[in-house]
Amino acid sequence: MTEPAATPSAIVSPPVAALPKFDPPLALGVLASGSGSNFAAIAQAITNGGLQAEIRVLIYNNPGVKVAERAAELGIPAILLNHRHFRQREDLDREIVRTLQQHGVEWVVMAGWMRIVTPVLLDAYDQRVINIHPSLLPSFPGIHAIEQALAAGVKIAGCTAHIACLKVDSGPILLQAAVPVFPADTPASLHARVQVQEHRILPAAIALAAQQAGQR
Ligand code: GRF
């Protein structure tokens with residue numbers, strides 16, 4: 001079934017207006033585990049001049065993933081920290097923090113980072129770790145959020161950008177976007193619709209978080 005012609009456009013809350021300016025640009029470190037479409041969206045927002053930031057480093061944990069190729073194409077340093085080579089989550093996070101600090105990172109973006117993070121990272125970057133999740137939190141935290149939403153029969157799905165805290169997929173919400181769910185949706189079709197909105201709200205959420213931090 002094709003999507004109805006009169007598909008309402010996604011609702012973003014709060015509305016995304018022109019992003020605040022940052023001088024010097026925000027120094028970002030991105031953590032990603034897979035395809036990296038959100039990583040690319042951040043890079044694109046920077047190139048467009050919408051987000052005044054610089055991606056200092058990409059850290060990825062799975063050898064051979066597409067996000068590493070994307071970083072290479074963009075000339076962004078990419079460092080593989082394979083979690084399988086670390087005994088404990090804290091050991092991986094210590095190496096992540098060391099790498100981020102080496103690159104002068106101020107803000108950390110988990111853009112599809114499929115690892116549980118520990119206080120080692122969250123304390124080093126207190127209130128400066130941003131996560132993107134493919135559901136309207138607090139509904140459907142954890143893995144398979146899209147499948148959970150479809151199984152629950154929700155008619156509205158979406159995504160959330162938030163400040164990360166110890167509890168997985170919770171923490172202060174920065175931005176959310178809602179999309180309709182259609183009867184014929186599969187996990188892939190719904191995820192694709194949600195991802196269009198992730199790419200829209202994640203760069204904006206980074207700017208919003210930095211602006212809010214500056215105001216405190
Ligand atoms: C996104 O849907 C994100 O919300 C979730 O993992 C997915 C990553 O996608 N945490 P990509 O690698 O950015 O394409």
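Note that ligands are numbered from 1 as they come in the structure, with each ligand's atoms numbered from 1 the same way. Along the sequence shown, residues are numbered consecutively beginning with 1.
The closest protein non-hydrogen atom to atom 14 (O) of ligand 1 is Ser37 OG, 2.5 Å. For atom 7 (C) of ligand 1, the nearest protein heavy atom (residue, atom name, distance) is Gln195 NE2, 4.0 Å. With hydrogens left out, the protein atom closest to atom 5 (C) of ligand 1 is Pro134 CD, 3.9 Å, a heavy atom. The protein heavy atom nearest to atom 3 (C) of ligand 1 is Glu198 OE2, 3.5 Å. The nearest protein atom to atom 6 (O) of ligand 1, hydrogens excluded, is given as Gly112 CA, 3.6 Å; this is a heavy-atom distance.
Put simply, the side chain of Val117 does not reach to within 4.5 Å of the side chain of Tyr125, judged on heavy atoms. Arg84 has its side chain within reach of Asn62: a pair of non-hydrogen atoms, C-beta onward, lies under 4.5 Å apart. Val105 places none of its side-chain heavy atoms less than 4.5 Å from the side chain of Thr99. Contact of the Ile146 side chain with the Pro134 side chain is registered, since non-hydrogen atoms from C-beta on lie closer than 4.5 Å.
Backbone and side-chain nitrogen or oxygen atoms of Ile132 are examined, and one is located within less than 3.5 angstrom of a nitrogen or oxygen of ligand 1. Here's the thing with Trp113: none of its N/O atoms is less than 3.5 angstrom from an N/O atom of ligand 1.
Residues Arg98 and Glu95 are paired through a salt bridge, judged by an N-O separation under 4.0 Å between the basic side chain and the carboxylate.
Of all atoms in ligand 1, listed by their number and element, those nearer than 4.0 Å to a heavy atom of Ser35 are 12 (O), 14 (O).
Close to ligand 1: Gly36, with a non-hydrogen atom less than 4.0 angstrom away. Residue contact annotation: His191 has a non-hydrogen atom under 4.0 Å from ligand 1.
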Open item on the list: Applying side-chain hydrogen bond (donor to acceptor under 3.5 Å, both in side chains) to Ser37 and Arg70, what does each step give before you reach the verdict?
Closed with: CA-CA 9 Å; Ser37 67; Arg70 295 189 199 257; 5.1 Å; no

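Hydrophobic clustering keeps Val108 apart from Ile163 (ILVMFWY residues linked when any side-chain heavy atoms are closer than 4.5 Å, directly or through intermediates).
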